[in-house]
Amino acid sequence: MTTTRLRHAALAGLLSLLATNAIAQVRGIGASFPSKIYERWAKTYEQQNAGAAVTYKATGSGDGVKQISARAVDFGGSDSPLPADELTKRKLVQVPMLIGGIVPVVKLPGIGANRLQLSGEVLADIMAARIAKWNDARVAAQNPGVALPALRIQRIVRADRSGTTEGFTRYLSEVSPAFKAEIGAGQAPKWPGEVATAEGNDGMVKVLDGTEGGIAYVSYDRVVKDGLAAVRLVNGAGVAVAASEAGFRAAILDSDVSRAGNDLASLMNRPASGAWPITQTSFVLFDAEPADAERAAQGMRFLYWCLMHGDDLTRGTGFAPLPVNLQARLTARFAGVRAKDGKAPQYMNF
């Protein structure tokens, strides 16, 4: 072989390698609720699969749906599942990945984690600005022996379109007809009165840290990581509970997510004694009819790997894994993906 041909062959090999590496760049975007665990999964996946690279950017559930619908990323994260007709319209596959809890957290002098207790109705009135101070009689009645400060309640809410906000307001709407009528559930509700705003779960933690008398709502893993003063809530069984992975599992077992394998079933306010009342499922969305089977396979390979290793990867992270019977059903959603040329992405060869 001539020197020129050798150079051409080497260049072709280099270009092929660069193309392969480019294909291996998997990009996800969306919900901040599960973002830390997706980052953890991505790191483990990269360590076990040479040449793979996965990034996930927490921008909120609304943006996750928007970006995957525009095919700007390989997958979108959302805590607000799309209904079947929207999935068909957008030609998307939706798969639940994990289950976690939304936790009210406060910054009050002398009041640490799980010291403050609230019923759902009182929490709803706080978030609706119907209770203005922390030493209000209704709060005090639920916290005998707790020295409640005469501080004004400072509500901190999400500035972005948020699945965490949608889950939180869905719970408040369920336990309070007044909240449902005046504010309702949504990713970006119109909060009455003056509120402080923050981007993402991590932004909520940062703003709360600088807000005396503040109350915010974040994913449970942030509570653990940042040592936040979580609030105990009265659940659907009338029992005051602290947020925990065990509480999320109790909610799962008491729902049709476990009993019927229905990933859209509600986990909110379950009547099991140990269930955390604001438990929700988090989802990913990806292309059902990708333009290129090999490109699609890269992202699907990562997501399928996460699903298959869910129990081990999720334990101890502040989230709970999906029930095994539901995991088994979800494999069919991956198998149904076909590229526009009819080819099936080879997502299982990791």
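The shown structure was predicted, so the numbers you read here are calculated from the model rather than taken from an experiment.
Val234 and Trp134 sit in two unconnected hydrophobic clusters of ILVMFWY residues. Membership requires side-chain heavy atoms under 4.5 Å apart, directly or through other members.
Here the options are Phe286, Tyr304, Phe302, the test is ring pair (Phe, Tyr, Trp, His ring centres under 6.0 Å), and the partner is Tyr347; only Tyr304 passes.
Shortest non-hydrogen contact noted between Pro81 and Leu264 is CB-CD2, 3.6 Å.
Rounding to the nearest 0.5 Å gives a distance of 5.5 Å between CG of Leu92 and CG of Leu285. The line from CG of Asp74 to CZ of Arg295 is 4.0 Å long, rounded to the nearest 0.5 Å.
Side-chain atoms of Tyr217 and Thr165 include a donor-acceptor pair closer than 3.5 Å. For the residue pair Thr314 / Arg40, no side-chain donor-acceptor distance below 3.5 Å is found, with atom types taken as modelled. Side-chain polar atoms of Ser80 and Gln187 form a donor-acceptor pair below 3.5 angstrom. Side-chain N/O atoms of Ser69 and Arg90 include a donor and acceptor closer than 3.5 Å.
Classified by interplanar angle (parallel below 30°, tilted 30° to 60°, perpendicular above 60°), the ring pair Tyr56/Phe75 is parallel.
The backbone N or O of Pro192 sits less than 3.5 Å from a side-chain atom of Arg155, completing a donor-acceptor pair.
Proximity of Ser32 to Asp202: side-chain heavy atoms (C-beta onward) are nowhere separated by under 4.5 Å.
Remark: Asp263 engages Arg333 in a salt bridge, criterion side-chain N to carboxylate O under 4.0 Å.
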